[in-house]
Amino acid sequence: MQEKTALPASRWLRLIPVIFITYSLAYLDRANYSFGAASGMAHDLNISAAMSSLLGALFFLGYFFFQIPGAHYAEKKSAKKLIFWSLILWGGLASATGMITNVNLLIVIRFALGIVESAVMPAMLVFNAHWFTNKERSRANTFLILGNPATVLWMSIISGYLVTAVGWRWMFIIEGMPAIIWAFVWWKVVQDKPSEAKWLTDAEKQALEDELEREQAGMKQVKNYREAFRSPTVIKLSLQYFFWSIGVYGFVMWLPSIIAKAPNMDMVSTGWLAAVPYVLAVILMLVTSFFSDKMQSRKNFVWPFLLIGALAFYGSYLIGPNHFWISFVLLVIAGGAMYAPYGPFFAIVPEVLPRNVAGGAMALINSMGALGSFAGSYIVGYLNDLTGGFDASYMFMAGSLLLSAILTMMVRKPQTQKPQASPEWKRKVSAT
């Protein structure tokens with residue numbers, strides 16, 4: 001019997017930077033709307049506060065509808081091809097946001113942008129599942145989702161300077177172009193599966209495919225999406241992610257506006273302060289995913305952070321707007337805590353469902369997150385407008401995160417069947 005070949009470490013250097021940058025660009029072109037809204041777009045296009053909330057949320061409504069078809073295409077056809085065209089389309093739509101002259105065109109663009117980007121997250125999770133094992137997946141998913149807070153970090157600073165220097169229109173145009181250019185880098189560098197990678201040896205390809213096949217062999221078989229979607233684990237995780245996303249996107253979309261209301265605050269200062277929570281988020285995401293993989297524990301690295309986020313929002317509510325800096329520190333804690341558990345969370349589904357349905361289940365969960373994001377963006381804006389302050393929205397986000405933490409604690413990992421290798425996998429092993 002031949003000596004076992006180690007799993008190729010080159011995957012991390014070759015794929016993770018590309019994955020990180022790709023999702024970073026996706027997040028840039030959805031989140032920079034908050035800076036446009038806070039820096040003159042509403043005035044120039046005669047957008048009311050209620051319409052501004054709806055426009056911020058419309059992205060997520062479009063994002064909701066095409067998650068599952070996107071995951072299905074990525075699993076059965078090609079994640080590489082799907083993401084290539086998505087990059088080009090969302091970059092074009094993001095740049096077009098800077099050229100519109102009325103709110104009706106903005107409505108169409110925001111909704112279309114959500115549709116185009118809807119396939120990216122599930123396709124990327126499917127892609128990761130083809131390249132990284134269970135013991136690695138929390139870290140791999142974290143580097144994917146790290147594009148979210150890391151992008152908001154530098155976007156907050158750059159966008160603050162851009163809207164000050166060239167206005168909100170050029171901010172959108174400039175920030176949309178990198179996605180179009182990056183599409184061709186993505187196409188050149190990545191392959192859908194290890195078997196297609198010329199930069200791996202045959203032994204490395206075989207070792208990785210054998211390990212991924214071995215993981216599948218120990219899972220209880222699930223025939224189709226309908227059966228998977230009825231799983232109590234998937235239902236609870238879908239509801240959990242709905243409430244979690246209310247807190248996250250209420251925070252992301254409205255943090256610049258919350259900070260801008262502070263005394264003597266300009267847009268550049270707002271940009272710098274809005275970046276601070278995401279510094280903490282990046283650190284916590286890396287630490288959390290490392291220990292989650294090391295201990296092979298998932299939900300216990302999710303719910304405590306959501307509970308901390310809920311308490312931080314509630315504390316900010318109790319302190320009130322008259323003590324801005326104390327309230328801001330609590331918002332920083334809330335932001336960091338909300339982001340910390342993403343890697344472990346998205347590692348749960350591929351460990352409990354086989355590959356034929358795991359992508360669709362992750363898409364369903366992400367779809368519910370999109371609805372939560374829609375609710376968070378819209379309702380937080382509505383409450384801010386209705387009450388003339390942020391206290392009600394802080395309570396709303398705190399309550400949502402508390403429910404999310406409770407639902408996470410209720411998740412039970414299904415019993416898996418005793419690992420029995422498939423005939424195909426047995427043949428591969430015996431051949432060595």
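All figures in this text were calculated on a predicted structure; none of them were measured in a lab.
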TODO: Before giving the answer on side chain to side chain contact (heavy atoms under 4.5 Å, CB included), spell out for Ile158 and Met171 the whole-Å C-alpha distance, their side-chain angles and the decisive distance to 0.1 Å.
DONE: CA-CA 9 Å; Ile158 297 298; Met171 180 200 73; over 6 Å; no
Open item on the list: Between Phe396 and Ile246, is the side chain to side chain contact (heavy atoms under 4.5 Å, CB included) condition met? List the steps.
Closed with: CA-CA 9 Å; Phe396 175 63; Ile246 285 177; 3.4 Å; yes
Task: Phe374 vs Tyr63, ring-ring contact (aromatic ring centres under 6.0 Å, His included): CA-CA, chis, key distance, verdict - done: CA-CA 9 Å; Phe374 176 89; Tyr63 195 81; over 10 Å; no
Task: side chain to side chain contact (heavy atoms under 4.5 Å, CB included) between Phe346 and Asn366, worked out - done: CA-CA 10 Å; Phe346 279 107; Asn366 208 42; 3.9 Å; yes
Open item on the list: One pair to check against side chain to side chain contact (heavy atoms under 4.5 Å, CB included): Gln206 and Asp202. What are the steps and the verdict?
Closed with: CA-CA 6 Å; Gln206 194 65 59; Asp202 290 341; over 6 Å; no
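Relative orientation of the Trp168 and Phe172 rings is perpendicular, given thresholds of 30° and 60° on the angle between their planes. Using bins of under 30°, 30° to 60° and over 60° for the plane-to-plane angle, the ring pair Tyr241/Phe345 lands in the parallel bin. Classified by interplanar angle (parallel below 30°, tilted 30° to 60°, perpendicular above 60°), the ring pair Tyr225/Phe229 is parallel.
Under the 3.5 Å distance criterion, the side-chain polar atoms of Asn134 are left unmatched by any main-chain donor or acceptor of Arg137. Without hydrogens or angle criteria, Ser231 side chain to Glu227 main chain gives no donor-acceptor distance under 3.5 Å. With hydrogens and angles disregarded, a donor-acceptor distance shorter than 3.5 Å links the side chain of Gln67 to the backbone of Ser118. Trp170 places no side-chain N or O within 3.5 Å of a backbone atom of Leu162 that could act as its donor or acceptor partner. Side-chain atoms of Ser400 never come within 3.5 Å of backbone atoms of Trp244 as a donor-acceptor pair (strictly under, hydrogens ignored). Side-chain N or O atoms of Ser289 include one that pairs as donor or acceptor with a backbone N or O of Leu286 at under 3.5 Å. Put simply, the side chain of Trp131 gets close to the backbone of Asp192: a donor and an acceptor are under 3.5 Å apart. Under a 3.5 Å cut-off, the side chain of Arg14 and the backbone N or O of Val189 do form a donor-acceptor pair. Proximity of a side-chain donor or acceptor of Asn356 to a complementary backbone N or O of Val222 within less than 3.5 Å is detected. Of the possible donor and acceptor atoms, one in the side chain of Ser404 sits under 3.5 Å from a partner among the backbone N and O of Gln240.
The two residues Ala363 and Pro122 have their closest heavy-atom pair at CB-CB, 3.9 Å. Taking all atoms of both residues into account, the shortest heavy-atom contact from Leu7 to Ala207 is CD2-O, 3.7 Å. A pairwise comparison of heavy atoms in Pro344 and Thr288 identifies CG-CG2, 3.8 Å as the closest pair. Nearest heavy atoms, Ala179 versus Trp90: CB-NE1, 3.4 Å. Smallest separation of non-hydrogen atoms from Ser292 and Ser297: OG-O, 2.6 Å. Residue Val234 comes nearest to Leu353 through the heavy atom pair CG2-CD1, 3.7 Å, listed as atom of the first residue, atom of the second, then distance.
Atom CG of Leu82 is separated from atom CE of Met124 by 10.5 Å, given to the nearest 0.5 angstrom. Atom OG of Ser238 is separated from atom CZ of Phe243 by 12.0 Å, given to the nearest 0.5 angstrom. Note that OG1 of Thr408 is 7.5 Å distant from CG of Leu237, once rounded to the nearest 0.5 Å. Atom CG of residue Leu146 and atom OG of residue Ser24 lie 7.5 Å apart, to the nearest 0.5 angstrom. For the atom pair NZ (Lys198) and NZ (Lys205), the distance works out to 9.0 Å, reported to the nearest 0.5 Å. Atom CE in Met397 sits 14.5 Å away from atom CG in Leu402 (nearest 0.5 Å).
Between Glu136 and Arg11 there is a salt bridge, with a side-chain nitrogen of the basic residue lying less than 4.0 Å from a carboxylate oxygen of the acidic one. Under 4.0 Å is where a charged nitrogen must lie from a carboxylate oxygen, and between Asp293 and Arg298 at least one such pair does.
Among residues at least two apart or in separate chains, ring-ring contact (aromatic ring centres under 6.0 Å, His included) pairs with a member in residues 293-314 are Tyr314-Tyr317.
Using a 4.5 Å heavy-atom cutoff, the side chains of Ile16 and Phe132 are in contact. Contact annotation: the side chain of Met395 never approaches that of Leu383 to less than 4.5 Å [non-hydrogen atoms, C-beta and beyond]. With a 4.5 Å cut-off on side-chain heavy atoms, Glu213 and Asp210 do not count as touching. Put simply, the side chain of Pro350 does not reach to within 4.5 Å of the side chain of Glu215, judged on heavy atoms. For the pair Leu208/Leu212, a side-chain contact is recorded, criterion being any heavy-atom separation below 4.5 Å from C-beta on. Side-chain contact between Val190 and Ile83: absent, with no pair of heavy atoms (C-beta onward) separated by less than 4.5 Å.
Partners of Glu75 by side chain to side chain contact (heavy atoms under 4.5 Å, CB included), not counting sequence neighbours, listed by chain and number: Val126, His130, Arg355.
For Lys236, the NZ atom counts as densely surrounded, since its 6.0 Å shell holds more than 12 non-hydrogen atoms of other residues, nucleotides or ligands. For Met99, the CE atom is densely surrounded, since the number of other residues' heavy atoms within 6.0 Å is greater than 12.
For an aromatic pair to be called close, the ring centres must be under 6.0 Å apart, and Tyr73 with Phe66 fails this.
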Sequence neighbours excluded and cut-off under 3.5 Å, please list the side-chain donor-acceptor pairs for residues 181-188, or say none.
| residue | atom | partner | partner atom | Å |
| --- | --- | --- | --- | --- |
| Trp182 | NE1 | Thr22 | OG1 | 2.9 |
| Trp186 | NE1 | Lys80 | O | 2.9 |

